[in-house]
There are 2 protein chains.
Amino acid sequence: MSSRSSAKRADALRSIDAILQAAAECLGRNPEASLSEIARAAGVGRVTLYAHFASRAEVVDAAMARAIERGNAALDSVDLTGDPRLALARLVEASWHLVDEARALLVAAQRELSAGRIRELHDGPASRVETLVARGRAEGVFRTDLPISWLVNVLHTVMHSAADEIRAGRLAPDHAAAHITATVLAAFTPPGKLVPELGDPR
Amino acid sequence: MSSRSSAKRADALRSIDAILQAAAECLGRNPEASLSEIARAAGVGRVTLYAHFASRAEVVDAAMARAIERGNAALDSVDLTGDPRLALARLVEASWHLVDEARALLVAAQRELSAGRIRELHDGPASRVETLVARGRAEGVFRTDLPISWLVNVLHTVMHSAADEIRAGRLAPDHAAAHITATVLAAFTPPGKLVPELGDPR
DNA sequence: CAAAAGTCGAACAGCAATGTTCGGGTTATC
DNA sequence: GATAACCCGAACATTGCTGTTCGACTTTTG
C-alpha cells in the first residue's frame with residue numbers, strides 16, 4: 001500500500017503538494033492565473049511544475065480534486081441522522097463555507113475541464129446529499145413531485161449563489177447559512193404542507 | 001431623435017447589427033470565440049469589426065446588452081397583475097427560455113466584463129422581478145424573513161441552473177418551467193404557511 | 001455624379017502563455 | 001557515500017489572439 005507510489009521521492013511529493021496548494025490560492029484569486037504565477041507562488045521552478053503535470057488542465061484538475069476531497073472529508077463528521085430537516089440544516093452550516101472557499105477555484109475549473117469531469121469530481125459530496133434527500137422523501141418531509149437530482153442541484157446552486165452574493169457585498173457572511181437553510185428547506189417542502197420555521201438558530 | 005446617430009450610414013448600422021448577432025451566436029457556442037471568428041460569422045471583415053468596436057470587451061458588452069434588452073422587451077407583454085404566485089408562474093414561463101438562450105453568452109460576459117457591469121446590465125429585468133416580489137410580500141403570500149434582493153437572486157439562480165441541467169441532459173426542456181416554478185414558489189412561501197400546489201399546468 | 005463614409009484583405013508588430021530542452025547543481029535514499 | 005531522482009534558471013520554439021496600418025475598392029447620400 002505504501003509502496004504503491006514508491007517511484008516518487010519525499011522531495012517530489014512536497015513539491016507537488018506546494019504546487020496544488022498554490023494553485024488553489026492563485027486560481028481562487030484569479031481564474032486566469034498562469035502556470036508561472038502558480039509555480040512562483042509555490043516557491044518552485046516552472047520546470048519543476050511541468051515535471052509533475054503535463055498540462056495546465058492537469059494542474060487544475062488535481063487542485064480541484066484535492067479541494068473537493070478535503071471538503072468532503074470535513075463533512076464526514078456531520079451528523080446526518082434524525083429529522084432530515086435538521087440534518088440538512090447542519091449539513092448546510094458545515095458546507096457553505098467550504099463552497100465559498102472553493103467557488104473561485106471552480107470558476108477556473110469550468111474553463112479548463114469538461115462539464116462531465118467537473119460533475120465527476122463533485123459526485124462524492126453530491127451522493128452524500130442525495131442520500132439525505134432520499135431519506136427525507138421517504139419520511140414524507142421532503143417533496144417527491146420533483147426529481148432527486150433536481151433537489152440536489154437546487155441545494156448546490158443556492159449555496160454557490162450565496163457565495164456570489166457575499167463576494168458582491170450584498171450578503172453578510174454570518175447570515176449566509178440561515179438564508180440558505182431557510183430557502184432550501186422551504187423549497188424542499190412538499191406542496192400542501194407547512195414551511196418549517198427554524199427560529200433564528202444563532 | 002432619428003437624427004441622433006446621423007453620423008452612421010445605413011451601411012454601417014447593418015454591419016454592426018450583423019456583428020452583434022454573430023457575436024451572440026459564436027460566444028453562445030463557445031465563450032472563447034475569437035473576434036476573427038465573429039467577424040467571419042457576421043460576413044464582415046475583421047477590420048470592419050475594429051472600425052466599430054475598439055476592443056473585444058466592447059463587443060461582448062454590446063452583444064450582452066442587446067440580448068438582455070431584447071429579452072426584457074419580450075417580458076413587457078407578461079401580465080403581472082393578480083395573485084403574485086400566478087404572476088410569478090407566468091413570468092417564469094416566459095423567462096426561462098430567454099435565460100437558457102442567453103446563458104452561454106453570459107459565461108463569455110463573465111470573463112470579459114466586471115461583475116459590476118454585468119449586474120448593471122441585468123438590472124432592467126431584475127427590477128421587474130423585484131417589484132413583483134415586493135407586491136407578493138405586501139400581500140402576505142411571499143416571505144418577509146429574507147431580503148428582497150436574496151429572493152430575486154434565488155429566482156435568477158434557479159433559472160440559470162435549470163438551463164445548465166438541460167444542457168447536461170438531466171432535465172427535459174418541457175419540464176423546466178414547472179420545476180422552476182414549483183421550486184421558487186415553495187422557496188418564497190412564508191414559514192408557517194402552506195406551500196401552494198399548482199397542479200401540473202400542462 | 002461626386003464626395004464622404006464604409007468595407008476589405010493582407011501584412012505587421014506585440015504580447016503572453018504553453019510546453020520543451022539543456023546542463024549543472026542538490027538532495028533523498030539504500 | 002554513491003547513484004538515481006529531483007530541482008532549477010535560462011533560453012527556445014510555437015501558437016493564437018489582439019490591435020493597427022495601408023491602399024484600393026464599393027456603397028450611401030445629398
Side-chain angles (χ1 to χ4, degrees), chain A residues 1-23 25-63 107-114, chain B residues 1-23 25-63 107-114:
Chain A
M1 220 178 282
S2 63
S3 64
R4 167 64 185 287
S5 38
S6 61
K8 302 268 178 197
R9 239 169 52 174
D11 210 354
L13 294 179
R14 230 178 305 137
S15 288
I16 292 179
D17 208 66
I19 290 171
L20 291 183
Q21 183 164 341
E25 285 167 17
C26 291
L27 294 174
R29 220 177 311 116
N30 164 26
E32 306 182 58
S34 71
L35 293 189
S36 324
E37 215 171 317
I38 294 173
R40 204 181 328 127
V44 132
R46 203 167 66 95
V47 187
T48 301
L49 190 153
Y50 275 103
H52 295 298
F53 301 94
S55 73
R56 177 186 178 79
E58 261 187 40
V59 177
V60 175
D61 190 306
V107 172
Q110 279 166 337
R111 302 197 183 191
E112 233 73 39
L113 274 37
S114 77
Chain B
M1 232 171 277
S2 63
S3 63
R4 168 63 186 287
S5 39
S6 62
K8 303 268 177 197
R9 239 169 54 175
D11 212 356
L13 294 179
R14 230 180 302 138
S15 287
I16 291 178
D17 208 68
I19 290 171
L20 291 184
Q21 184 164 340
E25 285 168 17
C26 291
L27 294 174
R29 220 179 310 116
N30 164 25
E32 305 183 59
S34 71
L35 293 187
S36 324
E37 214 170 318
I38 294 173
R40 205 180 327 124
V44 131
R46 200 168 68 96
V47 187
T48 301
L49 190 153
Y50 275 103
H52 295 298
F53 301 94
S55 73
R56 178 186 177 80
E58 260 186 40
V59 177
V60 176
D61 190 307
V107 172
Q110 279 165 339
R111 302 197 185 191
E112 232 73 42
L113 275 37
S114 76

Exercise for the section: Look at the side chain of B:R9 against the base of D:dT29 and say whether a donor-acceptor pair falls under 3.5 Å; ignore hydrogens and angles. Expected result: no
Exercise for the section: Show your reasoning for whether side-chain contact (heavy atoms from CB on, under 4.5 Å) applies to A:R111 and B:E32. Expected result: CA-CA 9 Å; A:R111 302 197 183 191; B:E32 305 183 59; 5.9 Å; no
Handout entry: First encountered from the 5' end of DNA chain D, between B:A57 and B:A10
Key = B:A57
Handout entry: Separation of atom CD1 in B:I19 from atom C1' in C:dC8, rounded to whole Å
Key = 13 Å
Problem - Least distance between heavy atoms, B:L49 atom then B:L35 atom - result: CD1-O, 3.8 Å
Problem - A:S15 side-chain N/O to D:dC7 phosphate OP1/OP2 under 4.0 Å - result: yes
Practice task
Nearest whole angstrom, please: distance from the C1' of D:dT20 to the CZ of B:F53.
Solution key: 18 Å
Completion exercise
Which of D:dG9, C:dT7, D:dG19 is nearest the side chain of A:V47? It is D:dG9
Handout entry: Between C:dT29 (P) and A:K8 (NZ): distance, integer Å
Key = 14 Å
Handout entry: Rounded distance (nearest 0.5 Å) linking atom CZ of A:F53 with atom CG of A:L20
Key = 4.5 Å
Handout entry: Separation of C:dT18 C1' from A:L49 CG (nearest whole Å)
Key = 11 Å
Exercise for the section: Verify the contact: side-chain N or O of B:H52 to OP1 or OP2 of C:dG6, cut-off strictly under 4.0 Å; return yes or no. Expected result: no
Completion exercise
Between A:D11 and A:S36, whichever has its closest DNA chain C nucleotide further toward 5' is A:S36
Handout entry: Within-4.5 Å side-chain heavy-atom neighbours: A:L27 and A:V59
Key = no
Practice task
Using a 4.0 Å heavy-atom cut-off across all strands, classify B:R56 as base, sugar-phosphate, or nothing.
Solution key: sugar-phosphate
Practice task
Write down the distance between CZ (A:R40) and P (C:dA17), rounded to a whole number of angstrom.
Solution key: 10 Å
Handout entry: Whole-Å distance separating the CD atom of B:E112 from the C1' atom of D:dG19
Key = 14 Å
Problem - Side-chain donor/acceptor contact of B:R46 with base of D:dG19 under 3.5 Å - result: yes
Exercise for the section: Please tell me if the side chains of A:E58 and A:H52 come closer than 4.5 Å, counting only heavy atoms from C-beta onward. Expected result: no
Completion exercise
Note: for A:I16 and B:A54 on DNA chain D, the residue whose nearest nucleotide lies more 5' is A:I16
Problem - Which nucleotide in C:dT18, D:dA10, C:dT7 has an atom nearest any side-chain atom of A:Y50 - result: C:dT18
Problem - Side-chain N or O of A:R14 closer than 4.0 Å to phosphate OP1/OP2 of C:dT27 - result: no
Practice task
Take atom CG of B:L13 and atom P of C:dG6, then tell me their distance rounded to the nearest Å.
Solution key: 9 Å
Problem - Spacing between B:E32 atom CD and D:dT15 atom C1', to the nearest angstrom - result: 14 Å
Exercise for the section: Taking only the side-chain heavy atoms of A:T48 (C-beta and beyond), determine which of D:dC8, D:dG19, D:dT18 contains the nearest atom. Expected result: D:dC8
